Amino acid sequence: MTKKKIVLLDGNSLAYRAFFALPLLTNDTGIHTNAVYGFTMMLQNILADEKPTHMLVAWDAGKTTFRHSTFSEYKGGRQKTPPELSEQFPYLRKLLDAYQITQYELDQYEADDIIGTLSKSGDEEGVEVVIISGDKDLTQLASDHTTVCITRKGITDLEKYTPEHVMEKYGITPPQIIDMKGLMGDASDNIPGVPGVGEKTALKLLKEYGTVEKVYESLDSVSGKKLKENLTENEELAYLSKKLATIEVDAPITISIDDLAYPGPDEENVKTIYEELKFKSLLDKMESPTENGPIAEIDVQIVANPEAIDLADEMAIHVEMMDENYLSTEVTGVSMTDDEQTVFIPIGVLQQSDRLKEWFSDEAKKKYATDSKAAYASLLRYGVEVNGFEFDLLLATYIANPSSSYTDVASVAKEFNYSDVQPDEAVYGKGAKKALPEEKVLADHAGRKAQAVWKLRPVLEEKLRENDQFELYHELEMPLANILGKMESTGVKTDLGILQQIGLQLSTRLTELESIIYEMAGQPFNINSPKQLGEILFEKIGLTPIKKTKTGYSTAADVLEKLESEHEIISFILTYRQLGKLNSTYIEGLSKEIHEDGKIHTRFQQALTQTGRLSSINPNLQNIPIRLEEGRKIRAAFVPSEPGWLMFAADYSQIELRVLAHMSQDEKMISAFREGEDIHTKTAMDVFGVDKDGVSSDMRRTAKAVNFGIVYGISDYGLSQSLNITRKEAGKFIDTYLKTFPGVKQYMEDIVSEAKMKGYVVTMMNRRRYLPDITSSNFNLRSFAERTAMNTPIQGTAADIIKKAMIDMDARLKDENMQTRMLLQVHDELIFEAPEEEIEKLKKIVPEVMESALSLDVPLKAEWAYGHSWYETK
DNA sequence: TATCTCACG
DNA sequence: ACGTACGTGAGATAA
C-alpha cells in the first residue's frame, strides 16, 4: 500500500487570499466568482503537486472562539468580510463537496486548531502532512513530518516551511514562532505583543534566551534600558499574546485521519458546478483531449459510390472547407450523419451525383447545419442547391446568447458539454503551418462536426423554448439566413473603371496635399502615423495638445478641428486624412474585392452583434461613404448587374426614435409621429418652448443631437462632446428633455432596473442581451451597462423589424413573380436591383412591406429612391 | 498583434 | 471623483 499523505487546507485563509489576489470577476449571471476561481486554481495545483491520499479543508466556526474568552479584542478591528466574498462561500463548499474533499469546522475553534490537532496526530502516526494556508502563524506546526506551505504572492506560488527553512529564515525553531508572536504580536489578529518589540528584537531575544519564559527569567541580563522597561511593564501582555498565538493541538475534534481519505473528484458534479459558475477555461481543461485521453473513435465512411448510401429524411450536415470565407474557399466535401451512420462525401462525388443533389434540394429532407447560410452559399457555387434547413447551430447559439463567440463548432460544442469534436485549428494547423490534411483526417473531422450538430439540436432547441426565443430563432433568423445567403451569392456589380477614375483624381490631390504639408511642417514625415504627426504638430510647431491617448497625443479629427484656427496646416491634414481614407479603404480596398463576375460579394455576419444587427465583412458594404459628397461619389461604382436595370433603395425614417416612442409610450413623442411631424423640429419646439417658426437651425441641431443621445443611453459628457458644449449645458438640455418627455424618462429608469433584476434586456421580438456588469461596483463598467440597457432594446428592435421586412419582402417578390433582387441591407435601408419595368411596382410594395413589418403604436415610415447607380438613389 | 483613426447606421 | 455617448469593419503604423 502506498504511504499516506495528508493535505490540510485553511479554508478561510485561502478564500480570502484568492479573493484579494484576483479582480472582482463576475460570470454572466452576476455572481462574483473570483474567490471560487482562485481557490479552484490553488486546489488543482495542490492536487497535482502533492497527490494526497487524505485531504481536509478546515473552516473557522462562527464569530467567537475560545480565544475571545481569553482576550475579548482578539481579531478586533478586522474589516467585515466583504459581501462579494461572503456570497461565494456556499459555492466553495459545494465545489469541495463535488471534489469529495472532507470539510470540517468546530464550534469555538478556528481552522488553525483543527489543522494543528490533525497534524499532531499525523506526526504521531508518522505520516506525511502538508498544511496550506495564507497565514504565517501556521509555520509553528512545521516538523519532520509536517511541511507548512504559505501562499507567497498571487495564488499559486507557495513557500514551503520545513523546520530547516524556518531556521534559515528566522534562525529559530518552529515552536519558537509562538514565542516570537508573543513578543512582537500580530497586528492582523489584534494580538498586542510587547510594545516596541518588532520582528528584529523578538528574534534577537529568542536566539539568546529561547522562549518568552526564559526571557523573563533572565530579564536582568537583557540589554537596552527602554527594551527592559517595556518587557517588565508588559509581562502579562507577552504571556497573553503567546497564548493567543498558540495553535491548539488537542482540540476536541470528532474526526480522525482515516475519515479524510480522498477518493478524487466526482467529475460530473465538478463539471456541473463549473458550468453553473461559467468557468469556461476550467471546463475546457477538463474536457480537452490531452486531459481526458483521446476523444472517442468514430466510424466515418468516405463515399465513393453515392448510390450506396442511405439518405434519411432528417440528417445533420456539415460543409467542410479550410478557410472561413465560404464565398471564395474551396469546399472539400460534405459530412452527413444521423443515428445510423456518418459519411463524408468528397465535393467531386457530390457534384457528379444527381441522387445526392436531389436529396439536398428537396425541401422535405430536413437538414441540421452548423451554419446554414455558409452551407447554402458555398454549395451553390458547386451547382448544389440546398433547401430544407431545419436547424442551425450557429444561429441557435447566437440567439441563446449573442455574446457567445462562435469561432468553430468545437467551441460551441464545448459550451454545451459536448467534446467529441476538435477545433479547426487542431486539424488544419495555424499561421504559416496551416495546410489541408489528408482526406481521412478531413472526413473524420467533418464527421464529428455533423455528429455534434445532431446531438446538440435537442439541447439548444430546448433552451430556446425555455427562454421563449424559439420563434425568433426559427421564424426570423433561420429564414433570414437563407435570404442573406442568396444576397451574398448574388453580389453587387461594381464598375472598376469608375473606382479607378476616382482613384486617379484622389492620388493627384493627395500628392499635392502631401507636398504642401511637408512644406508647412518644414520636413517630410509620414502623415498617416499619429506618432509622427503628433510630434510635428505638438512639439515642432508647438500647438497645444487637447487630448491624449494611451500612447501619446491624440490627433483625431475632432481634436484637429479645434486646432484649425491655430495653424493653417491643420485643414490640409484633415483633407489629406479624408482623401487618404477614401483612397486606401474604398478605392484600393474595394477594387481588390471585385470577383471574376464583376461583382463584390460581401458576407453578412448574422451571429455577431450584441444587438441583433447584421454586420458586413470582406468587404464591409455597410459603411460606404455618403455624408461627404467626395466620398459619396464612390457609390456611383455600384451599378445594376443587368442591362436596363436600375438600383432601388428604401430606408426607414427615424426607425429607432419610433421604436422608442412605442416602447416608452411617451404621449408627446407618439403624437409627434402620428401627426407626421419632423421629429427633431418638434423636439426643439417642446424642449425650447417655442412655436414652429421659432425653431432656429441651431435649436433643431441641438434637439437632433439630444434625440441621438437618448437612443444611445444619454450622458451629459457624451452630449457635450457631440455638441461641443460644456457638460453643464449638456446636462441642462437633458434635464429639460426628460421633463418634456416624462414617458421617455420613465422608460429609461424602468429598463435599467429591469436589467438589474433579470440580468438581461430584451427586444420586442425577445432577442436577449445579458448585462453582467449592470451590478458591478465599478462605476465605468456599470454606467456602460446601463447605457447599453437603454440602447439595446431600441437598436435591437429596429434590427428585428428590418429583418422581418426582409423576409416579407422576399416572399412578396416571389408572390408577385418579380425579377427584382435584394442586394444589401444597411441597418435601416434595403438596396435592390430591378428591371426598369418593375420600378413602379416597387415604389408601391417596398414601402408597404417595410411599413407593415411590425405593428407599433406609431406608424413606420419608409422612403425610396432609384437611379442608375447606388449614388443616384438619393 | 494592438492601437489609432475613420467610414457607416 | 470616476471618464463615455450605441452598434460595427478596415487600413496604416509600430511594436
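Naming convention: chains lettered A, B, ... in sequence-line order (proteins, then strands); numbering from 1 in each chain. Quick caveat, the model's predicted, so the values are computed rather than measured.
In this structure dC2(C) sits in no base pair that meets the Watson-Crick or G-U test at under 3.5 Å. Base pairing of dC6(B) is made with dG9(C), judged by Watson-Crick or G-U wobble geometry with both donor-acceptor distances under 3.5 Å.
For dA5(C) and dA2(B), the C1' atoms lie 24 Å apart once the distance is rounded to whole Å. As rounded to the nearest Å, dC6(B) and dC2(C) have C1' atoms that lie 28 Å from one another.
The aromatic rings of His595(A) and His601(A) sit tilted relative to each other, their planes meeting at an angle between 30° and 60°.
Considering only the side chain of Arg627(A), dC8(B) comes nearest among dC8(B), dA5(C), dG7(C). Of the candidates dA10(C), dC6(C), dG9(B), the closest approach to any side-chain atom of Ile617(A) belongs to dA10(C). Relative to the side chain of Asn618(A), the nucleotides dT4(C), dT5(B), dA10(C) differ in distance, and dA10(C) lies closest. Side-chain atoms of Lys531(A) lie closest to dA15(C) of the nucleotides dA15(C), dT3(B), dA5(C). With dT4(C), dA7(B), dG9(B) as the candidates, the nucleotide lying closest to the side chain of Ile626(A) is dG9(B). Each of dA5(C), dT8(C), dT5(B) was ranked by its minimum atom distance to the side chain of Ser554(A); first place goes to dT5(B). In the set dT8(C), dA5(C), dG7(C), the nucleotide with an atom closest to the side chain of Ser615(A) is dT8(C). With dA5(C), dT3(B), dG9(B) as the choices, the nucleotide that has an atom nearest any side-chain atom of Arg613(A) turns out to be dG9(B).
Stacking of Arg768(A) on the aromatic ring of Tyr760(A) is recorded, both the 6.0 Å distance cut-off and the 45° axial limit being met.
A donor and an acceptor atom never sit less than 3.5 Å apart when one is taken from the side chain of Arg603(A) and the other from the base of dG9(C). With hydrogens and angles left out, the side chain of Arg787(A) and the base of dT4(C) share a donor-acceptor pair within 3.5 Å. Residue Asn528(A) places no side-chain atom within donor-acceptor reach of the base of dA12(C), judged by atom type and a 3.5 Å distance cut-off alone. Below the 3.5 angstrom threshold, one finds no donor paired with an acceptor across the side chain of Thr551(A) and the base of dT3(B). Counting distance only, with no hydrogens placed and no angle test, the side-chain atoms of Gln622(A) and the base atoms of dC8(B) include no donor-acceptor pair under 3.5 Å. Within 3.5 Å, no donor on the side chain of Ser584(A) pairs with an acceptor on the base of dA12(C), nor the reverse.
Using a 4.0 Å heavy-atom criterion, one finds that Leu608(A) contacts the sugar-phosphate atoms exclusively. Base contact: Ala705(A) has a heavy atom under 4.0 Å from a base atom.
Aromatic ring centres of Tyr737(A) and Phe733(A): separated by at least 6.0 Å.
By the 6.0 Å contact criterion, CD on Glu629(A) is enclosed, its count of non-hydrogen atoms from other residues, nucleotides or ligands being greater than 12.
Counting only N and O atoms by type, the side chains of Gln795(A) and Tyr712(A) include no donor and acceptor under 3.5 Å apart.
At whole-Å resolution of the value, OH in Tyr553(A) and P in dT5(B) are 14 Å apart.
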